[in-house]
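Presented below is the structure to which this report refers.
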Amino acid sequence: MSEKTAITPATHTTPPAKFSHGVKKGNILQVAGQVGFLPAEEGKAPTPAGPTLREQTLQTFANVKAILEEGGASWDDVMMMRVYLTDVDHFAEMNEIYNQYFEEQGLKAPASARTTVYVGLPKGLLIEIDALAVLG
């Protein structure tokens, strides 16, 4: 039986509670919900990429991708993504950013499955994304 391994890229801060940014077991990699924080800087509190949905979404994608790569996966290995928005009015804009991002990534067809829900996030954060990847 394979062991469970925590995945934490150098760009990420230590989580604020007892969880891992990513967990890999066998050929499964679960990426915990990521937000649009800029890469970690020693001694500095996490900072959102910017006030706009576009800035935060693109940084959130970069944070998810960093965990995927650290765990030996890519966007093509992602089976399911969950997007959490704080404002229902951001849905159309998020879809536009989402579609453009994955077109630019050259993602192979078919795209992963996806769910989008509306939630409360800490002040200033507009989006959170998690992902489930299967390697192999």
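When reading the values below, keep in mind they use all heavy atoms of this one structure, side chains included, and skip hydrogens, waters and symmetry mates.
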* **Minimum side-chain heavy-atom gap L58-I97 below 4.5 Å** => yes
* Without swapping roles, check the side chain of N95 against the backbone of A92 for a donor-acceptor pair under 3.5 Å. => no
* Asked: Residues two or more places apart in sequence or in another chain: which of them pass side chain to side chain contact (heavy atoms under 4.5 Å, CB included) with Y118?
  -> L85, V88, F91
* Looking at Y101, is R54 sitting on its ring face, NZ or CZ under 6.0 Å from the six-membered ring centre and within 45 degrees of the normal? -> no
* Beyond-backbone contact of M81 with T115, side-chain heavy atoms, under 4.5 angstrom -> no
* Asked: Above 12 or not: heavy atoms from other molecules or residues under 6.0 Å from CE of M79?
  -> no
* Is a side-chain N or O of S2 found less than 3.5 angstrom from the main chain of G26, in a donor-acceptor match? -> yes
* Structure fact -> Separation between CG (L68) and CG (D76), nearest 0.5 Å, reads 10.5 Å
* To do: Might you work through the side-chain hydrogen bond (donor to acceptor under 3.5 Å, both in side chains) test for Q100 and E96, ending with a clear yes or no?
  => CA-CA 6 Å; Q100 181 183 15; E96 181 182 311; over 6 Å; no
* To do: Please list, chain by chain and in numerical order, all residues satisfying ring-ring contact (aromatic ring centres under 6.0 Å, His included) with F37, sequence neighbours excluded.
  => none
Atom pairs and distances, side-chain donor-acceptor, residues 121-134, under 3.5 Å, sequence neighbours left out:
unit_1: D130; atom_1: OD1; unit_2: R82; atom_2: NE; d: 2.9
unit_1: D130; atom_1: OD1; unit_2: R82; atom_2: NH2; d: 3.1
unit_1: D130; atom_1: OD2; unit_2: R82; atom_2: NE; d: 3.3
unit_1: D130; atom_1: OD2; unit_2: Y84; atom_2: OH; d: 2.9

* Asked: Who are the side chain to side chain contact (heavy atoms under 4.5 Å, CB included) partners of K44, not counting sequence neighbours?
  -> E41, T47
* Test side chain to side chain contact (heavy atoms under 4.5 Å, CB included) applied to L135 - qualifying residues, sequence neighbours left out -> K24, N27, L29, A73
* Decide whether S112 and R114 meet the rule of one side-chain donor and one side-chain acceptor closer than 3.5 Å. => no
* To do: Could you tell me which non-hydrogen atom of Y98 sits nearest to which non-hydrogen atom of F61, and how far apart they are?
  => CD1-CZ, 3.6 Å
* **Residue pair M94 / V83, side-chain heavy-atom distance below 4.5 Å** => yes
* Check: V35 and Q56 side chains under 4.5 Å, non-hydrogen atoms -> no
* Cut-off 3.5 Å, side chains only: do Q59 and E55 have a donor facing an acceptor? -> no
* Return yes if a side-chain donor-acceptor contact under 3.5 Å exists between K65 and Q105, otherwise no. => yes
Please table the atom pairs, donor to acceptor, closer than 3.5 Å between any side-chain atom in residues 7-16 and protein atoms at least two apart or in another chain.
unit_1: H12; atom_1: NE2; unit_2: Q34; atom_2: OE1; d: 3.0
unit_1: H12; atom_1: NE2; unit_2: N63; atom_2: O; d: 3.4

* **Single-linkage hydrophobic cluster L107~V64, side-chain heavy atoms < 4.5 angstrom** => yes
